[in-house]
Amino acid sequence: MMKNKMIATSITIILGIVLVGAIAIIIINKMDTKKETTEPSIEEVVENSLDVPEITTNLKDNHFIKIALKIETNNKKAKEELEKRDFQVKDSVIEELSEVTYNDLKGRKGKEKLTNTLKTKIDHYLQNGNVVKIYITSYVIQ
């Protein structure tokens, strides 16, 4: 009788552990699904992005750069606002580039630093959303 009680208790404990594990897996899978659906589709990214045509300007050390950008915003209103503020966007790009050198822009880290700085500056102008990311779509430096 004692053996049967111990076996029943062991089975109950094991079933409880399995049930808790199954519930944890289901919850984790649902959380992952929610994360996937919150990411914008490529159509939404393109719809909310603004192209900055190629800008040619001097760098601080008398090198020059030709650069074109795509600015991704978090919504259509922010994109429309940026279209109206295109002169401010271009001014920010030129102003920032005039303060950096050829060596500052070398490699991935240099470009990342530039796009992060521009993101902060340009985001400051927006009242109807924010800048998600800035992509460099064309880049020539001499």
Side-chain angles (χ1 to χ4, degrees), residues 3-142:
K3 257 186 178 178
N4 289 340
K5 197 171 192 177
M6 284 182 68
I7 291 173
T9 304
S10 297
I11 290 174
T12 304
I13 290 172
I14 291 171
L15 287 174
I17 291 171
V18 169
L19 182 62
V20 168
I23 290 171
I25 290 171
I26 290 170
I27 290 172
I28 289 170
N29 283 338
K30 286 192 177 202
M31 289 173 67
D32 284 344
T33 304
K34 287 181 182 177
K35 286 180 186 175
E36 289 173 14
T37 57
T38 59
E39 290 294 316
S41 69
I42 188 63
E43 289 81 14
E44 291 171 319
V45 170
V46 170
E47 182 178 303
N48 295 334
S49 296
L50 171 73
D51 287 313
V52 177
E54 193 171 79
I55 295 173
T56 303
T57 191
N58 291 328
L59 299 175
K60 186 176 183 178
D61 59 359
N62 294 323
H63 285 88
F64 77 91
I65 186 169
K66 285 184 180 186
I67 191 168
L69 307 168
K70 184 177 276 292
I71 303 172
E72 179 187 348
T73 64
N74 67 330
N75 62 53
K76 192 166 175 97
K77 283 188 175 188
K79 177 196 173 188
E80 291 168 356
E81 183 179 359
L82 269 186
E83 287 172 340
K84 293 175 184 173
R85 294 178 178 273
D86 72 318
F87 64 96
Q88 291 172 314
V89 170
K90 290 174 187 173
D91 180 66
S92 292
V93 172
I94 292 169
E95 184 179 275
E96 185 58 31
L97 289 171
S98 72
E99 293 298 318
V100 297
T101 66
Y102 174 83
N103 288 330
D104 294 336
L105 296 174
K106 276 181 143 176
R108 182 183 313 157
K109 288 186 180 185
K111 290 175 190 70
E112 284 177 5
K113 185 176 179 186
L114 173 67
T115 56
N116 288 335
T117 302
L118 289 173
K119 178 184 174 202
T120 302
K121 281 185 156 193
I122 294 168
D123 196 44
H124 177 74
Y125 294 124
L126 291 176
Q127 297 173 357
N128 295 312
N130 62 340
V131 175
V132 175
K133 184 169 171 87
I134 296 182
Y135 302 90
I136 298 174
T137 58
S138 175
Y139 180 87
V140 176
I141 190 169
Q142 289 186 342

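Everything quoted here is computed from the prediction, not taken from an experiment.
- Residues passing the side chain to side chain donor-acceptor pair (under 3.5 Å) test with D61 are H63, sequence neighbours excluded.
- A distance of 9.0 Å separates CD1 in I136 from CD1 in I134, rounded to the nearest 0.5 Å.
- Here N130 pairs with N74 under the side chain to side chain donor-acceptor pair (under 3.5 Å) rule; sequence neighbours left out.
- Of the options I65, L69, T57, L114, a side chain to side chain contact (heavy atoms under 4.5 Å, CB included) to V93 is made by L69 and by none of the others.
- With sequence neighbours excluded, the residues that form a side chain to side chain contact (heavy atoms under 4.5 Å, CB included) with S138 are E54, A68.
- At least one side-chain heavy atom of L59 sits under 4.5 Å from a side-chain heavy atom of I141.
- If you take CG on L82 and CD1 on I71, they are separated by 5.5 Å, rounding to the nearest 0.5 Å.
- Among residues two or more places apart in sequence or in another chain, the side chain to side chain donor-acceptor pair (under 3.5 Å) test is passed with Y139 by none.
- Each ring-ring contact (aromatic ring centres under 6.0 Å, His included) pair with one or both residues in residues 104-125, not counting sequence neighbours, would appear here, but there are none.
- Within the structure, every pair that satisfies the salt bridge (charged side-chain N to carboxylate O under 4.0 Å, His left out) test and touches residues 115-138, not counting sequence neighbours, is listed here: E95-K121, E96-K121.
- Listed by first and then second residue, the salt bridge (charged side-chain N to carboxylate O under 4.0 Å, His left out) pairs involving residues 72-81 are K79-E83, E81-R85 (not counting sequence neighbours).
- Pairs passing the side-chain hydrogen bond (donor to acceptor under 3.5 Å, both in side chains) check and including a residue from residues 103-112, sequence neighbours excluded, read T101-D104.
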Throw together a table of side-chain donor-acceptor distances under 3.5 angstrom for residues 12-24, partners on residues two or more places apart or in other chains.
| from | atom 1 | to | atom 2 | distance (Å) |
| --- | --- | --- | --- | --- |
| T12 | OG1 | A8 | O | 2.7 |

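- The shortest heavy-atom contact between F87 and K84 is CE2-O, 3.6 Å.
- For the side chain to side chain contact (heavy atoms under 4.5 Å, CB included) test, residues two or more places apart in sequence or in another chain that qualify with S41 are E43, E44.
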**Request:** Start with the C-alpha gap between L50 and T73, add the side-chain angles, then the distance that decides, and say whether side chain to side chain contact (heavy atoms under 4.5 Å, CB included) holds.
**Result:** CA-CA 8 Å; L50 171 73; T73 64; over 6 Å; no
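- Remark: I67 CD1 to L105 CG distance equals 7.5 Å, nearest 0.5 Å.
- Taking every heavy atom of both residues into account, N75 and A78 meet most closely at OD1-N, 2.7 Å.
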**Worked check of side chain to side chain contact (heavy atoms under 4.5 Å, CB included) between K60 and V100** = CA-CA 5 Å; K60 186 176 183 178; V100 297; 5.9 Å; no
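- Among residues two or more places apart in sequence or in another chain, the salt bridge (Lys or Arg N to Asp or Glu O under 4.0 Å) test is passed with K90 by D86.
- Listed by chain and residue number, nothing satisfies the side chain to side chain donor-acceptor pair (under 3.5 Å) test with E47 (two or more places apart in sequence, or in another chain).
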